[in-house]
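Notes follow once the structure below has been shown.
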Amino acid sequence: MKSPLKIVIAGSAGRMGQVLLDAVSQSPDCVLHGALERAGSIYLGRPASAIGGDSDVLVSDDIAATLAGADALIDFTRPEGTLTHLALCRQLGVNIIIGTTGFSAVQKQAISEAGQDIGVVFAPNMSVGVNLTFKLLEIAAKVLNEGYDIEVIEAHHRHKVDAPSGTALRMGEVVAAALGRDLSECAVYGREGVTGERDPSTIGFATVRGGDIVGDHTVMFAGIGERVEITHKASSRMTFAQGALRAARFLASSGAGDYDMQDVLGLRD
């Protein structure tokens, strides 16, 4: 019988950490190997089940000791913390699944380079539905490549600290690439005052923050006489947790490399 995957969860007391603990407990092919929390957390030294799931593994802030012997770390924390975890995963030969957003270009390069030594799945959104949406956007952009203005609208809960969301930016990158454009040169992040007529070569972004919205994303292709909208709405963080576990299973058999959810789901051309 195949041994269960030994999973460590970073930021275990956070909103995604709690859901990940539940998801691991509900997955017979996975076992919680460790639960990490920041120094000073009230959960340090307590069983992970005090946060979520049913494991009696003790919550720790000793990253290296917790990672020792693990198969994969799942990290939905903050860029600085994730990069610290990444360095130790690389040193200890532990695969990593990164759902953290808000990285700079230099930080993204460091993540990519780690794929030389360990398996890395880095995706702004682990949802299977969102990653299918990326593929649909690529097809739509190639068909609606003339005469359509493209706008990305995203909404998240009041606690989200970065904007636009990593998922919205990835949607913009997918559309821009399909149109032969560079998003860094054609993105417009919000409008105010007298902005003049819209430049048809731009891709616009609009952000909404409020309440407990888990994550809504719409890409609008607005032409003359018609409008095509492709929307994904998440109603539970469990979809992100299940996607992350799917990525951990993928890395267990794929070996070292720099991957995203398109690879995990077999959507890569």
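Computed from a predicted structure; not experimentally measured.
One distance of note links NE2 of H217 with CD1 of I153; it measures 11.0 Å at 0.5 Å rounding. Atom CE of M238 sits about 9.0 Å away from atom CG of L245, to the nearest 0.5 Å. Atoms CG and CG, from L132 and L267 in turn, are 6.5 Å apart once rounded to the nearest 0.5 Å. Atom CG of residue D62 and atom CG of residue L67 lie 9.0 Å apart, to the nearest 0.5 angstrom. Here the CD1-CD distance, from I118 to Q91, works out to 11.0 Å after rounding to the nearest 0.5 Å. With rounding to the nearest 0.5 Å, the separation of CG in L36 from CG in L44 is 9.5 Å.
Put simply, the side chain of T84 gets close to the backbone of E80: a donor and an acceptor are under 3.5 Å apart. Side chain of S253 to main chain of F250: a donor-acceptor pair is present (N/O by atom type, distance under 3.5 Å, no hydrogens or angles). No donor-acceptor distance shorter than 3.5 angstrom exists from the side chain of E226 to the backbone of G223, with no hydrogens or angles considered. In this structure, R170 contributes its side chain and F134 its backbone to no donor-acceptor pair below 3.5 Å. Looking at D263, its side chain does come within 3.5 Å of a backbone N or O of D260 through a donor-acceptor pair. Under a 3.5 Å cut-off, the side chain of S127 and the backbone N or O of V130 do form a donor-acceptor pair. For R181 (side chain) and S201 (main-chain N/O), a donor-acceptor pair under 3.5 Å exists by modelled atom type. A donor-acceptor contact shorter than 3.5 Å links the side chain of E37 to the backbone of A13. Looking only at distances, a side-chain donor or acceptor of H33 sits under 3.5 Å from a matching main-chain atom of A68.
Cluster membership check: F122 does not share its hydrophobic cluster with L265, using side-chain heavy-atom separations under 4.5 Å among Ile, Leu, Val, Met, Phe, Trp and Tyr. When hydrophobic clusters are built by joining Ile, Leu, Val, Met, Phe, Trp and Tyr residues whose side-chain heavy atoms come closer than 4.5 Å, directly or via intermediates, Y259 is not grouped with L73. Cluster annotation: I98 is connected to L92 through the hydrophobic network of ILVMFWY side chains, with a link wherever side-chain heavy atoms come within less than 4.5 Å. In the hydrophobic clustering of this structure, I96 does not group with L5; members are Ile, Leu, Val, Met, Phe, Trp, Tyr whose side-chain heavy atoms approach within less than 4.5 Å, directly or through other members. I230 and V143 fall within a single hydrophobic cluster, where Ile, Leu, Val, Met, Phe, Trp and Tyr side chains are chained together by heavy-atom contacts under 4.5 Å.
Taking all atoms of both residues into account, the shortest heavy-atom contact from P79 to T100 is N-CG2, 3.5 Å. The shortest non-hydrogen separation linking I42 to R46 is O-CD, 3.4 Å. Minimum heavy-atom separation, R249 to C30: NH2-SG, 4.2 Å. Nearest approach of A247 to M261, heavy atoms of both residues: CB-SD, 4.2 Å. Considering every non-hydrogen atom in both H232 and G129, the closest pair reads CD2-C, 3.7 Å. Of all heavy-atom pairs between I7 and A248, the closest is CD1-CB, 4.0 Å.
Residues E154 and K160 are not paired through a salt bridge, judged by the lack of any N-O separation under 4.0 Å between the basic side chain and the carboxylate.
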Working note: F76 + F240, criterion ring pair (Phe, Tyr, Trp, His ring centres under 6.0 Å); need CA distance, chi angles, decisive distance, verdict. CA-CA 10 Å; F76 284 71; F240 309 135; 7.3 Å; no
Any chance you could lay out the side chain to side chain contact (heavy atoms under 4.5 Å, CB included) test for S12 and L21, step after step, and finish with the verdict? CA-CA 7 Å; S12 55; L21 289 172; 4.3 Å; yes
Evaluate side chain to side chain contact (heavy atoms under 4.5 Å, CB included) for I150 paired with L179, printing each intermediate quantity in order. CA-CA 11 Å; I150 302 163; L179 296 172; 3.4 Å; yes
Decide side chain to side chain contact (heavy atoms under 4.5 Å, CB included) for S41 and V59; before the verdict, give the C-alpha distance in whole Å, the side-chain angles of both, and the deciding distance to 0.1 Å. CA-CA 9 Å; S41 169; V59 179; 5.5 Å; no
As a quick check of understanding, evaluate side chain to side chain contact (heavy atoms under 4.5 Å, CB included) for R209 and H156, giving each step before the final call. CA-CA 5 Å; R209 292 287 178 268; H156 284 84; 3.6 Å; yes
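Shown here are the side-chain contact (heavy atoms from CB on, under 4.5 Å) partners of A187, two or more places apart in sequence or in another chain: L183, Y189, F205.
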Acceptor/donor pairs from residues 49-58 side chains to any protein atom, 3.5 angstrom cut, sequence neighbours excluded:
from: S49; atom 1: OG; to: S55; atom 2: O; distance (Å): 3.4
from: D54; atom 1: OD1; to: S25; atom 2: OG; distance (Å): 2.9
from: S55; atom 1: OG; to: V57; atom 2: N; distance (Å): 3.0

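Put simply, the residue from V219, N125, T218 that forms a side chain to side chain contact (heavy atoms under 4.5 Å, CB included) with M171 is V219.
L251 places none of its side-chain heavy atoms less than 4.5 Å from the side chain of V120.
For D182, the CG atom is densely surrounded, since the number of other residues' heavy atoms within 6.0 Å is greater than 12. For R191, the CZ atom counts as densely surrounded, since its 6.0 Å shell holds more than 12 non-hydrogen atoms of other residues, nucleotides or ligands. Around the CZ atom of R78, the shell of radius 6.0 Å holds no more than 12 heavy atoms that belong to other residues, nucleotides or ligands.
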